[in-house]
Amino acid sequence: MENYSKILKCSKVPLVIALLIIAISIALFSYSLELDKKAEVEPVAKDYNKLIAYEQDVENEYVEVTITDIPYGFAEEEYDGITRNYYFVYDQYDYMYIVRLMDSTYTMLENKYNDNPEEFSYTLKGYIFEDPEELKELAISSYNEAMKKEIVNQENFRSYFGNTYLDEVLTPYSDTSSTLVGIGAGIDVLAIVLLIIYIVGYIKTKNALKKYDREDIEYELSKTSTIEYKKAKVYLTDKYIVSKVMGLTVLEYNELVWLYNEKRRVNGIPTTINLKGFTNNKGYELAEVSAYGEGENILIEVMNKIKEKNSQILIGFTKENQQSYKEIKKNK
């Protein structure tokens, strides 16, 4: 058998992939922090009214508008558990705008207006974003309902509200930053899983090579009589069962007392079939194949080959075998 000595080594592939993923996540988190820092620096605000007048109100511009009346709420939406409230506001020239405000800002404006409605004014600042179609429809219906006649429609919407709305909360970096953090956190979970796989594999390999002589295992693997089930990750030598499922497992045939196949499912869908092997005090994953194709037949063949070496092994997951195994454990 070629490269048989490599079979006894713990694969470093999960470790390398995990470290690569961690490096990528660090880069994503770093870039997210850079975006957050940019968002904290307030740029020079442009006149929102002039931008609309010259049809230059494009997304991601930082603008300001001075309002002279209390905002009129007309829409709200739930987004990721957060309520977004939208308002109509008027400037000193009686031009209308759509803005999104925090509850705290609206309460502050309401108190300020109630204190002195005649001299009320406040300069709102924020980034502008294109009006979503649903927001446009709500603005049109709400405005026409308030005016009690059809005034605004899709064709003349821009002349009343422009192409955008002012958002005092979001920045051009908000969605990108949160997306990067989400991706980074998600792939870190994968990295942790891979690290656990590597650590478990490393420990299993180390323990297996403590229990048996490495040179003897290598010698057994090198024999032409050794049967290799590469897809199932198991090798049957004259003396040992050598498994590469989640690290290295080495067992002598006379150690095993029970074998059966176990079908694994994800969301109810079969994914893999595992050959479970039990000594008188412990269970092992001896082989693994896809739940589709010839995988199950391969594991049946593996079980039969093992039984040829140890005719006393219980085969199959039956009530009788479960009871027999309980008795074996009691009498060990």
Side-chain angles (χ1 to χ4, degrees), residues 1 3-22 187-214 216-218 220-221 226-237 239-253 255-267 269-303 305-306 309-310 313-317 325 329:
M1 182 179 297
N3 298 321
Y4 58 85
S5 61
K6 291 184 179 180
I7 296 170
L8 304 185
K9 294 179 180 179
C10 178
S11 173
K12 292 184 179 180
V13 172
L15 175 62
V16 172
I17 295 175
L19 294 176
L20 179 61
I21 288 173
I22 291 171
I187 64 175
D188 274 344
V189 172
L190 176 59
I192 291 170
V193 171
L194 290 171
L195 285 173
I196 291 171
I197 290 173
Y198 173 74
I199 292 168
V200 169
Y202 178 81
I203 293 172
K204 285 181 67 178
T205 300
K206 192 173 181 181
N207 289 339
L209 295 177
K210 276 184 179 179
K211 184 177 178 182
Y212 299 102
D213 180 68
R214 184 188 186 104
D216 189 41
I217 300 171
E218 289 183 359
E220 287 292 318
L221 286 169
T226 294
I227 305 173
E228 174 184 348
Y229 296 93
K230 199 168 184 179
K231 289 184 178 179
K233 304 176 184 177
V234 65
Y235 305 82
L236 304 181
T237 75
K239 185 177 179 181
Y240 301 111
I241 302 164
V242 181
S243 169
K244 289 293 289 181
V245 179
M246 285 288 288
L248 178 68
T249 298
V250 180
L251 293 168
E252 293 187 42
Y253 292 97
E255 292 183 81
L256 287 172
V257 296
W258 186 23
L259 288 174
Y260 65 84
N261 287 338
E262 180 181 74
K263 192 168 285 187
R264 302 285 174 81
R265 290 176 168 82
V266 176
N267 296 325
I269 301 172
T271 55
T272 60
I273 303 173
N274 289 64
L275 175 58
K276 303 275 289 186
F278 292 83
T279 63
N280 59 12
N281 62 0
K282 191 175 180 180
Y284 298 88
E285 302 279 349
L286 296 180
E288 180 181 77
V289 294
S290 169
Y292 303 95
E294 294 297 313
E296 190 165 11
N297 291 334
I298 292 172
L299 294 191
I300 291 172
E301 181 181 323
V302 172
M303 282 195 288
K305 292 291 184 183
I306 293 174
K309 299 286 186 178
N310 180 358
I313 293 178
L314 303 170
I315 300 291
F317 189 77
Y325 184 65
K329 289 180 71 176

- prompt: Can you tell me how far the CD1 atom of Ile298 sits from the CG atom of Leu275, to the nearest 0.5 Å?
  reply: 12.0 Å
Beyond-backbone contact of Glu296 with Val289, side-chain heavy atoms, under 4.5 angstrom: no
message: Determine whether Lys231 and Glu294 satisfy the following criterion, salt bridge (charged side-chain N to carboxylate O under 4.0 Å, His left out), listing intermediate values before the conclusion.
response: CA-CA 11 Å; Lys231 289 184 178 179; Glu294 294 297 313; over 6 Å; no
message: Suppose we call two aromatic rings close when their centres sit under 6.0 Å apart. Are Phe278 and Tyr260 close by that rule?
response: yes
task: Can you see which heavy atom on Lys204 is nearest to which on Val245, and at what distance?
output: NZ-O, 3.2 Å
query: Is there a donor-acceptor contact under 3.5 Å from the side chain of Thr271 to the main chain of Arg264?
result: yes
message: Counting C-beta onward and ignoring hydrogens, is there a side-chain heavy-atom pair between Tyr284 and Thr279 closer than 4.5 Å?
response: yes
query: What distance do Lys244 atom NZ and Ser11 atom OG have between them, rounded to the nearest 0.5 Å?
result: 7.0 Å
message: So, taking the atom named OH in Tyr202 and the one named CG in Leu15, what distance separates them when rounded to the nearest 0.5 Å?
response: 11.0 Å
task: Fit a plane to each ring of Tyr325 and Trp258, take the angle between them on a 0 to 90° scale, and name the class: parallel (under 30°), tilted (30 to 60°) or perpendicular (over 60°).
output: tilted
query: Say you draw a straight line from CD of Glu285 to CD of Glu262; how long is it, rounded to the nearest 0.5 Å?
result: 6.5 Å
field: Sub-4.5 Å side-chain heavy-atom contact between Phe317 and Lys276
entry: no
- prompt: Is Val257 close to Ile313 at the side-chain level, that is, under 4.5 Å between some pair of heavy atoms?
  reply: no
- request: Would you mind reporting whether Asp216 and Lys239 have side-chain heavy atoms less than 4.5 Å apart?
  value: yes
field: Residue pair Leu256 / Leu286, side-chain heavy-atom distance below 4.5 Å
entry: yes
field: Side-chain heavy atoms of Leu209 within contact of Ile217, under 4.5 Å
entry: yes
statement: For Ala191 and Ile21, the nearest pair of non-hydrogen atoms, with its separation, is CB-CG2, 3.8 Å
query: Is Glu288 close to Asn274 at the side-chain level, that is, under 4.5 Å between some pair of heavy atoms?
result: yes
- request: Kindly determine whether Lys211 and Glu255 satisfy salt bridge (charged side-chain N to carboxylate O under 4.0 Å, His left out), including the steps that lead there.
  value: CA-CA 13 Å; Lys211 184 177 178 182; Glu255 292 183 81; 2.7 Å; yes
Under 3.5 Å donor-acceptor, Tyr198 side chain and Cys10 backbone: no
query: How long is the gap from CG on Leu248 to OH on Tyr212, to the nearest 0.5 Å?
result: 11.0 Å
field: Distance in Å, Leu259 CG paired with Met303 CE, rounded so as to fall on 0.5 Å steps
entry: 7.0 Å
